[in-house]
Amino acid sequence: MYFLTGWPRRLLCPLRSEEEPFHIQPSSQRFYFAVLSETQLSVWFSRPSVLIVSYIESAKAAAQFGFYQKAEWKPDDSMIAVATAKGYILLFDVLGGGDDKYLYEPVYPKGSTRVKVTPGYKEEQCAPALSLEMKKPVDLEAPITSLQSLQEDLLVCTADGYLHVLHWDGLGSNGRKTICLTTIPFSLDLQSARSGPSLDLEGVHIRCMEYCVTLDGFAVVLSDGRLGFITPLSNTITADQLQGVWAADVTDGTCVAVNNKYRLMAFGSASGSVLVYMIDTTTGSMQLSHKLELTPKHYPDMYNKTGPVQLICWSPDYSVAMVTWECGGLSLWSVFGAHLICTLGEDFAYRSDGTKKEPIKISSMSWGAEGYHLWEAGILQFQFIKSALTVNPCTSNQEQVLLHGEDRLYLTCGDPTQVHSTSDSHSHTHLHPCDGSPLHHPPNPESSLSQGLSTLLGHKHWQVVQVRICNIVCLMDVSVCVQFAAIDTAGQCMAVAGRRGFAHYSLFTRKWKLFGNVTQEQNMTVTGGLAWWNDFVVVACYNCADQQEQLRLYQRSSNLDNAFASVTKLHSDTLLLNVFRDMVILFRADCSICLYSLERRNDSPNPSAHVELLQEVSMSRYIPHPALVVSVTLTSVRTETGITLKAPQQACMAESIMLNLAGQLIMLQRDRSGPQVREKETPANNKKLLPFCPPVVLAQCVENVWTTCRSNRKKRHLLEALWLSCGEAGMKVWLPLFPRDHRKPHSFLSRRIMLPFHINIYPLAVLFEDALVLGATNETVLYDGLQGSSEPLEALFPYCTVERTSQIYLHHILRQLLVRNLGEQALMLAQSCASLPYFPHVMELMVHVVLEEEATSREPIPDPLLPTVAKFITEFPLFLQTIVHCARKTEYALWNYLFAAVGNPKDLFEECLMAQDLDTAASYLIILQNMEVPAVSRQHATLLFNTALEQGKWDLCRHMIRFLKAIGSGEMETPSLTPTSQEPSSTGGFEFFRNRSISLSQSADSITTGKFNLQKTFSMPTGPSAKGRDAECAENMYIDMMLWRHARHLLEQVRLRDLGCFSAQLGFELIGWLCRERNRVARVEDFVSALKKLHKDFLWPFPVIPVGSLSSPLKNGRCRTVLSTRLLKSQSADSLLNSDMDTATPQAAPANHTWLDGIGQRAKDMDTASSAHSNQHSPQTHDAFLSLLTNKVEEYSIGSATDLTETSSVVDGDWMMVDENASTLSLSQAELEHISMELANKGPHKSQVQLRYLLHVFMEAGCLEWCVVIGLILRDANVIKQVIGFLDSPEVPQETVQSVRNGLLAVDTWASTDCLGYKPFLSLIQPHLQQLMESVSEQVQPEAFQATSQSSKLGVSEVGVAAAPRPEDSRGVAAPLGLALPSLEPAGSFPRPPSEDCPPEQTEEQGEEEGTYDCTLS
């Protein structure tokens, strides 16, 4: 509403005086301020704020009259009355200096088009030169307590109990009347008034008095603290024509201020609170409306310590009141009691070092003309910005917050392009031909502009638009400030009116549009406000030249000129204006309401608007004074929602008028009781609008009203509701109630319901679909300036800023509906809002608020709401999360009450497990740990731990391990959720290798079989040091048992990939465990099924034999073992594939070698990497291709990349090489097919790294059967050779040897029938198998390993590439399985998928041993 901004501003007084000013009094229009010190009267001008004249009393006169005390202006500003300490009234004539005498004039830049065109130019834009002349003083012979000016009279109250009526002009015997207070009859109401006084008023006088125009009476505070209201029964003020009423039970009144717009009287009391009274229109009695008082909740230190109220001052628009106390401090309140600002706390009251400041004490204050300044008697100005709703309430149907200061606007809109991209339903944005800003389209009833605005809530910054630019001042004279402001629906255009004319601004172009003809601007005064209708500015103004009230519409893209305006003459002054769809509603000074239709016409080069009067409604019977109407709104709201159900199009029609009459919301809706005529049967030009029913009062104490003209079938509750701001009572919503599924509504159920709810911010806008209220709040920035006793008043103040705020209100409405047993309506409303991102928070808030109220109540609650709320939330899938989140944010003492209503936490935990919501189940464990014995929480934690292990939720598993240890060690608080670090040397599995550089590619020759010693394997560290673990031993054993059980389960099911993930993620001592389980669960029962399972788990393709293998040129004994290595390592592949992410420096082949040089070279390395990468999330097949590129003379490189699964193993016919230079290749087609087959038979690179790692683990643990299975899938002859060499060791059990032999026989049998691709490899390892056969007592014929097909004729050396151990082309990092680990790629490979974006780690090139595999990992 009103917000402090910046620092207070002290005005410089050119006259030096020892006297401190103590009283300030504004003139009726607030153009002038009279400032009093003991012997000096000064007159200041408001804009610019300058001293005009000062009158200094002589010492002799001061001794005769006494010091000055109070001042009062004559209504026409021509005289000032000053009351003195000795009972004198001094009257001063305020004399002008003539037409050409001005103290200050505005200076315009050279070449300015601004000229002095209007008769009132000097008076409005110049500070006049005035003089003061004292007339004959009037002696009232008693101390003066109060002055009050009427039109022709001055009322003076004296301490002897008399009321003096002085005529301003004639102060002789005829111009003076005296009324004794004891002769005025007082009663509790006017109906029970009897002749003669009913109060004992002997010795009592009036301490403070103020006249209320709209109540036509005087609010008075008597010297004994009683409050009263005196009404003149006729036009003349005489003793027999005055009647008083008094407020019961109040005896501590101190001061009074009246609010003419809302017909309220605010009385200060000695207790520090302000009592706001209204007059009951039926009985005439004084009724307490509300109180303005600080609550101990917000101000525990200052409650009841403020002292008596010293001053109350209403703003010029009567929307806020400023209150000060004798002990100091300022406080700002809205008209119906919403608290806005208080200087008794926070940075206002304390310095940065924590010391307390002295509160600001103000002896007198007054608001400036437009409410942008609060003048303090010491010539200090507090600066304010205010909501546009205070003076131009037509913005209440929009969803932006618009504030304005005297020379700038603050708005909550975001980037114009973003707003238009979200709100514009068209495929492209249409721009204006003139200014390039987006065109406005008629609002789509089904579209939600609010959804686009919800993106603007993420920050607290304002868009600030300066109204003054450069040297031109838009509206722009020094004496002019913003009087009206309006913003369009999209939040991209603003219109601003000053004292003369108006201008508009586009956020899209960042440009103002001003009147080109200054005369037109100066001849126009905006009276009834501004509004936007599509692309037009609607202005209710007064034409000074024609002396005519007009309604004008200006097109935004046209020049701002009357030639392009649509002008409609009006018969009476317009006070208020508003727009609804294509209609304008005006409220006029004769208390009538006019409805006009608006129609856009494009028949001329410049679009124009056609305005037509539709209807005129007289309200003079219901409105006592036109100034009492705060706002007028046209809406589609009706009491009968059933009608809108039958005819949804009527939701868009203007069905009712909402009138805020002095805080009473009155509704006039169309009378549909008569015969209804169908629209189709009525000619378009003959449509008569229905009359309105008599008005109905909807609500009291209403400050603002919001409604929308949009419709949305999914959120009808919110969009067809009426939203009210009601001061200290919070907000109210008039909500429609709909029958469910279009059933017939219950006859006893009303169509609408008024629901009140409290919010913590002052509402300035409502986002209807988003269920949000937008507001603003004052924030302070502390600045310690001058320290010490001489600290000036303004230095006590912190710097004030205004920040945007927002608040959810949906939970309040749902709760109110549940209280009223309207659960079905609450469910419909909640389901319509379930897609909002903060809907879970709404549910939590509702539970939390009800729980806090009921669980902390001192009185028993007969009908508790919490069970109803709990039942309501079970209708939504987020029930379990809502309850546990609310419990975790609530103190432990309330948990029993909560779970008594929602259910046992053990049951809720089990529901989470059944729903597979493990994270929520983990939160319930915290509840169980605090509410149950440790055994119960251990049992449930074990359940959750096992489920998390099975689902691979490793983070949760780590938390559960710590949780179980905390329970075991007796810690009852929640365990820390930060992961604990472990020493690499003390953790088995993958952690063991983190700081070790190992070679996974040792050849069989480098290992002496006879020196194989299993004891060396067992010597590996198997766990953390036992030091300090005695107390945790049992708990750790319990956890270890669960981990062992899970590892056994994985190994039994041949889930090696999951076993590797499990080991790496939880630091499980895999090698140590495998050593213990080597002869139990770590055996391989079925080699064939294990091999198949590994192919499936690791996405490894089954090997295939090329169709043309029988005629392949490679069977001539030239086994090209280095073929793929040399091809893929060539640098020339850089130009083939994008290698930006490659991390290894490719090793180029020497120029004097060809790619055939490696034939016959003995392979020394095992496979470590492949050029194929598999996306770990979604394996998919890419087209593999071969292409040739020239590196140097007769050097060629082939790059390939595949992403193959088991089902994507391809035969040679799938890959074709197309190149016009193919004839120059020395490779035949068959050779290339064979190379492609080699690549096709390899799995993803990551799987290869994982398999190599597992091979190393099983080798270290001595699980030789698994080593054979992995060696088979990798088709690595060295592994098989190594394992068979180990089998000769006497330490290897005979069962293992027998198992390996039987397994290999089974694989050979399976390969002969189901997978011929394995036959070449089995033939390659035939010599090692022969060695194995001879080592066991039961000999097997070598023919068992010969291929049964025709391919058996291939010798070992004839198998080709697929049968040879292949040196590899790149180095990688041994990875924990399932993780996206960095790999070191060859130059020609595909870059890694985006999901594998871990930082690569560089390793040293090892030139000689190309396949050496470095497992170092940071």
Side-chain angles (χ1 to χ4, degrees), residues 145-146 148 155 157 161-163 179-260 262-293 308-309 312 321 335-337 624-625 628 661-664 697 700-701 728:
T145 57
S146 179
Q148 178 62 49
L155 268 68
C157 303
Y162 282 90
L163 183 65
I179 301 167
C180 183
L181 187 61
T182 55
T183 62
I184 301 174
F186 272 87
S187 57
L188 279 175
D189 57 56
L190 293 179
Q191 290 180 341
S192 61
R194 299 287 182 266
S195 58
S198 57
L199 268 183
D200 181 17
L201 295 177
E202 286 295 329
V204 176
H205 63 270
I206 294 175
R207 178 191 294 177
C208 186
M209 175 177 67
E210 192 166 336
Y211 178 67
C212 182
V213 178
T214 52
L215 287 174
D216 190 23
F218 302 92
V220 296
V221 177
L222 303 179
S223 58
D224 59 1
R226 280 180 288 191
L227 315 177
F229 179 72
I230 300 174
T231 310
L233 301 179
S234 66
N235 292 331
T236 58
I237 299 177
T238 54
D240 56 348
Q241 295 295 319
L242 294 179
Q243 170 70 48
V245 292
W246 53 281
D249 306 324
V250 181
T251 57
D252 64 344
T254 57
C255 58
V256 65
V258 298
N259 186 320
N260 285 307
Y262 290 88
R263 303 178 98 189
L264 297 174
M265 299 171 287
F267 294 93
S269 67
S271 65
S273 60
V274 176
L275 310 176
V276 184
Y277 280 87
M278 53 183 284
I279 295 295
D280 189 318
T281 51
T282 54
T283 64
S285 62
M286 293 176 67
Q287 301 283 338
L288 181 66
S289 170
H290 56 277
K291 291 183 180 182
L292 313 180
E293 58 183 352
V309 176
I312 306 169
V335 60
F336 288 112
H625 197 288
L628 297 175
L661 178 65
Q664 273 194 336
V697 177
Q700 305 277 0
C701 301
E728 68 165 350

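Not a single salt bridge (charged side-chain N to carboxylate O under 4.0 Å, His left out) links Asp216 to another residue, sequence neighbours left out. For Phe229, the ring-ring contact (aromatic ring centres under 6.0 Å, His included) test picks out no residue, with sequence neighbours left out.
Counting heavy atoms from C-beta on, the side chains of Asp280 and Asp189 never come closer than 4.5 Å. Two residues are said to be in side-chain contact when any heavy atoms from C-beta on lie closer than 4.5 Å; Cys255 and Val309 meet this criterion. Side chains of Trp246 and Leu222 form no contact here, defined as non-hydrogen atoms less than 4.5 Å apart. Under the 4.5 Å side-chain criterion, counting only non-hydrogen atoms from C-beta, Ile279 is not in contact with Arg263. Side-chain contact between Lys291 and Val274: absent, with no pair of heavy atoms (C-beta onward) separated by less than 4.5 Å.
Nearest heavy-atom pair across Ile312 and Ala321 is CG2-CB, 4.5 Å. Minimum heavy-atom separation, Glu210 to Gln148: CA-OE1, 3.3 Å.
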For this session: Test side-chain contact (heavy atoms from CB on, under 4.5 Å) on Val258 and Leu215 and set out the steps.
Result: CA-CA 10 Å; Val258 298; Leu215 287 174; over 6 Å; no

Problem set entry | From CA spacing to verdict: side-chain contact (heavy atoms from CB on, under 4.5 Å), Leu163, Met209 | CA-CA 11 Å; Leu163 183 65; Met209 175 177 67; 4.0 Å; yes

For this session: Carefully, step by step, assess Leu227 and Tyr277 under the rule side-chain contact (heavy atoms from CB on, under 4.5 Å).
Result: CA-CA 10 Å; Leu227 315 177; Tyr277 280 87; 3.8 Å; yes

For this session: Test Ser271 against Asp252 for side-chain contact (heavy atoms from CB on, under 4.5 Å), laying out the working first.
Result: CA-CA 8 Å; Ser271 65; Asp252 64 344; 4.1 Å; yes

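Under the 3.5 Å distance criterion, the side-chain polar atoms of Thr231 are left unmatched by any main-chain donor or acceptor of Gly217. Side-chain atoms of Asn260 come within 3.5 Å of backbone N or O of Val213 as a donor-acceptor pair. Of the possible donor and acceptor atoms, one in the side chain of Ser223 sits under 3.5 Å from a partner among the backbone N and O of His205. Proximity of a side-chain donor or acceptor of Thr145 to a complementary backbone N or O of Cys157 within less than 3.5 Å is detected. Listed for the Thr182 side chain is no donor-acceptor partner under 3.5 Å among the backbone atoms of Glu202. Using modelled atom types, one side-chain atom of Thr254 and one backbone atom of Gly268 make a donor-acceptor pair closer than 3.5 Å. Using a distance-only test at 3.5 Å, with no hydrogens or angles considered, a donor-acceptor pair links the side chain of Gln243 to the main chain of Pro185.
Judged purely by distance below 3.5 Å, without hydrogens or angles, the side chains of Gln287 and Ser289 never pair a donor atom with an acceptor atom.
In the displayed structure, Tyr162 atom OH is contacted under 6.0 Å by at most 12 heavy atoms of other residues, nucleotides or ligands.
Here CD1 of Ile206 is found 5.0 Å from CG of Leu181. Values are rounded to the nearest 0.5 Å. In this structure, CE on Met286 lies 9.0 Å from CG on Leu275, to the nearest 0.5 angstrom. For the atom pair Met278 CE and Met265 CE, the distance stands at 9.5 Å (nearest 0.5 Å). One distance of note links CG of Leu242 with CD1 of Ile230; it measures 6.5 Å at 0.5 Å rounding. Separation of atoms CZ (Phe267) and CZ (Arg226) is listed at 13.5 Å; rounding is to 0.5 Å. A distance of 8.5 Å separates CG of Leu264 from SG of Cys212, quoted to the nearest 0.5 Å.
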